[in-house]
Amino acid sequence: MAFKSDPDLLLPLECHKFLRFGATIPNDDTSGLRNYIDTVSRVASCYFGSRVRDWDEGEGVSGYYALDDVKRSIRSYEQLDEPEVPTTIAQFVLGTDPIRELNLPLYEMKPVLGKGQGLVARFNIAKGQLIISEKPFFTTSDATSAAMMEKQISIELRKLPKDAQRQFLSLHNNFPGKKPFSGIVRTNALPCGPDSPIGGIYPTISRINHSCLPNAHNSWNSASGYENIYAVRFIKAGEEITIPYDHGGPSDERRRHLKNAFGFDCDCSICSRQPAELKQSDERRRQIQHLDGEIGNPHRLMQRPGDSLKDCQALLQILEEEFEGSPGAHIARLYYDAFQLCIVHGDQARARVLAERSYRARLACEGENNPETKRIQKLMEDPKTHPIFGMSMKWKTPKNQVPRGLSSDEFEKWLWRQGR
């Protein structure tokens with residue numbers, strides 16, 4: 001995007017096709033040019049985060065790049081971008097994706113060997129794509145007794161249409177007996193938010209099976225009242241769509257929980273590995289648990305923040321390895337933990353970058369309209385609005401002190417405070 005008043009200004013950032021724009025804003029800004037610039041700047045910040053630089057020469061803030069530097073960089077833009085991998089042949093041939101345009105379901109419900117019903121991708125699904133968004137039949141609390149839950153569910157069921165009642169009763173029940181309704185709920189409910197005692201039961205989403213290496217992520221949108229499923233890795237047509245039911249930990253802990261809670265023996269791609277490979281995976285999962293606990297230690301966070309930040313970086317590497325480059329919501333949480341660690345000590349510059357990374361990770365697995373995604377976006381724009389900002393000023397920096405011109409390795413060393 002460029003303003004007509006200065007169409008030749010280009011951003012000198014190699015291998016990216018960004019445009020640099022600017023304009024002289026008259027005192028009598030009847031055209032709303034300043035408002036337009038502000039709007040474009042906010043949109044750019046959402047996509048490119050800390051890479052966006054704005055300036056106002058009227059207030060003595062000069063542009064980051066000199067015009068001569070800008071013009072010398074134009075030659076680097078002749079290199080073409082990597083093409084996006086099409087999800088369908090039609091998208092490849094026509095440049096459009098009829099699946100998205102026709103709003104066709106990306107999945108179909110069908111029997112999955114050894115798992116009963118499941119959801120299978122009808123088409124290739126790109127990482128970060130919304131697969132399904134669905135309202136629950138109803139929600140219920142797990143804090144009530146089984147007898148009380150049975151009574152409450154029977155009341156909710158009577159409110160549903162006959163076809164919805166049949167859909168609910170066709171769901172798997174791992175706790176058959178005198179209380180069939182609560183058994184179905186205990187088997188199929190998904191929490192309405194992390195650690196929420198309220199659970200929702202869904203016509204379609206409740207059919208999604210488990211994997212310890214899932215290709216999708218489920219999240220509750222409290223604002224819309226919908227459960228959303230996003231792809232956290234590329235899913236091929238014909239591949240089963242999976243989410244995690246487990247609470248982490250090594251394979252013996254995961255399988256014991258899954259057997260007790262859901263009545264099946266997990267044989268996913270992780271649990272069915274050869275003993276030597278499974279042992280390596282189990283060790284990584286134990287390290288993930290250990291590091292997560294260390295990072296969450298409030299005393300250590302305040303007294304030895306450098307050690308906690310090192311643990312964040314170590315955890316990042318282990319998550320990438322264990323989840324084969326697609327940690328999904330794990331990495332969004334990790335970057336947010338690192339953000340909190342920096343902002344509590346007044347380091348707005350690093351906090352801004354870490355919030356940006358957490359935002360982009362959450363955007364990919366929960367969507368832009370999720371309340372948590374929006375909250376992280378606001379912290380990315382102004383880190384000091386977090387309530388724990390400045391409890392210590394040990395690492396005090398302004399948010400615009402993010403270094404420029406560093407290589408990727410140098411930037412990572414700065415971000416994780418290596419060599420300090």
Side-chain angles (χ1 to χ4, degrees), residues 16 42-52 81-88 91 97 99-100 106-107 119 121 123-134 190 193-194 205 208 211-224 226-237 239-244 248 288 312 315-340 351-381 408 412 415:
H16 294 79
R42 286 196 298 273
V43 171
S45 294
C46 290
Y47 283 93
F48 307 119
S50 56
R51 286 175 288 174
V52 174
D81 283 330
E82 289 284 338
E84 180 183 353
V85 177
T87 55
T88 64
Q91 183 183 358
D97 190 346
I99 297 171
R100 295 184 186 181
L106 298 175
Y107 58 87
L119 295 194
F123 313 97
N124 289 345
I125 302 175
K127 180 177 178 178
Q129 188 166 353
L130 177 64
I131 299 173
I132 179 173
S133 182
E134 189 173 47
L190 289 173
I205 289 177
I208 301 177
S211 173
C212 298
L213 187 65
N215 53 28
H217 171 72
N218 60 289
S219 64
W220 171 254
N221 188 318
S222 59
S224 67
Y226 278 76
E227 185 78 9
N228 296 314
I229 307 293
Y230 280 83
V232 296
R233 63 180 73 238
F234 177 75
I235 304 174
K236 293 181 180 179
E239 183 180 350
E240 185 184 8
I241 297 165
T242 57
I243 59 175
I288 289 170
C312 287
L315 181 54
L316 172 63
Q317 295 171 347
I318 296 170
L319 286 171
E320 290 282 356
E321 184 176 359
E322 176 62 15
F323 290 93
E324 299 180 358
S326 298
H330 294 286
I331 204 166
R333 180 189 172 194
L334 167 64
Y335 279 129
Y336 180 65
D337 286 344
F339 161 85
Q340 292 184 100
R352 178 185 178 187
V353 176
L354 292 164
E356 175 195 340
R357 292 186 177 187
S358 180
Y359 167 74
R360 294 189 68 80
R362 199 165 289 280
L363 187 68
C365 67
E366 296 188 353
E368 64 181 351
N369 293 321
N370 187 282
E372 185 64 10
T373 305
K374 292 181 177 181
R375 187 178 75 87
I376 301 298
Q377 181 182 3
K378 291 180 180 178
L379 292 173
M380 177 184 74
E381 295 168 352
S408 295
E412 292 302 307
L415 181 62

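If you read the sequence from its start, that first residue is 1, and numbering goes on from there. We use all heavy atoms of the structure for the numbers below, so side chains are in, but hydrogens, waters and symmetry mates are not.
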side-chain contact (heavy atoms from CB on, under 4.5 Å) evaluation trace for Gln129 with Asn124: CA-CA 10 Å; Gln129 188 166 353; Asn124 289 345; over 6 Å; no
Over all heavy atoms of both residues, which pair between Ile235 and Ala121 is shortest? Give the atoms and the distance, please. CG2-CB, 3.9 Å
Is there a donor-acceptor pair closer than 3.5 Å between any side-chain N or O of Asn215 and the backbone N or O of Thr242? yes
Do any N or O atoms from the side chain of Glu134 and from the backbone of Ile205 form a donor-acceptor pair under 3.5 angstrom? yes
Shortest non-hydrogen contact from Ala332 toward Ser358: O-OG, 2.9 Å
Minimal heavy-atom distance between Lys127 and Ser326, with the atoms involved, is NZ-OG, 3.7 Å
What I want to find out is whether Glu412 reaches Arg357 closely enough, with some N-O distance under 4.0 Å, to be called a salt bridge. yes
Residue of the set Glu322, Arg233, Glu320 for which side chain to side chain contact (heavy atoms under 4.5 Å, CB included) holds with Pro327: Glu320
Candidate pair Tyr107 and Ile131, rule side-chain contact (heavy atoms from CB on, under 4.5 Å), full reasoning: CA-CA 8 Å; Tyr107 58 87; Ile131 299 173; 4.1 Å; yes
Please report the shortest heavy-atom distance between Ala126 and Ala231, naming the atom on each side. O-CB, 3.4 Å
Could you measure the distance from the CG atom of Leu119 to the CD1 atom of Ile208? Nearest 0.5 Å is fine. 4.5 Å
For the pair Ser224 and Asn369, evaluate side-chain contact (heavy atoms from CB on, under 4.5 Å) and give the outcome as yes or no after the intermediate values. CA-CA 9 Å; Ser224 67; Asn369 293 321; over 6 Å; no
Euclidean distance, Ile376 CD1 relative to Arg362 CZ, rounded to 0.5 Å: 6.0 Å
Between Ile125 and Phe234, is there a side-chain heavy-atom distance shorter than 4.5 Å? no
Value rounded to 0.5 Å, distance of SG in Cys312 from CG in Leu354: 8.0 Å
Answer whether the closest heavy-atom distance between the side chains of Leu379 and Tyr359 falls below 4.5 Å. no
Point-to-point distance, once rounded to the nearest 0.5 Å, from CG of Asn370 to CG of Leu363: 10.0 Å
Distance check, rounded to the nearest 0.5 Å: Asn218 atom CG versus Ile243 atom CD1? 4.0 Å
Could you go through the side-chain contact (heavy atoms from CB on, under 4.5 Å) check for Leu315 and Asp337 one step at a time? CA-CA 11 Å; Leu315 181 54; Asp337 286 344; over 6 Å; no
Over all atoms of both residues, closest heavy-atom pair of Pro244 and Ala216: CD-O, 4.0 Å
Any idea which heavy atoms bring Phe323 and Leu213 closest together, and the distance? CA-CD1, 3.7 Å
How many angstroms lie between CD in Glu368 and CG in Leu130, if you round to the nearest 0.5 Å? 11.0 Å
Thinking salt bridges, do Glu372 and Arg375 make one under a 4.0 Å N-O criterion? yes
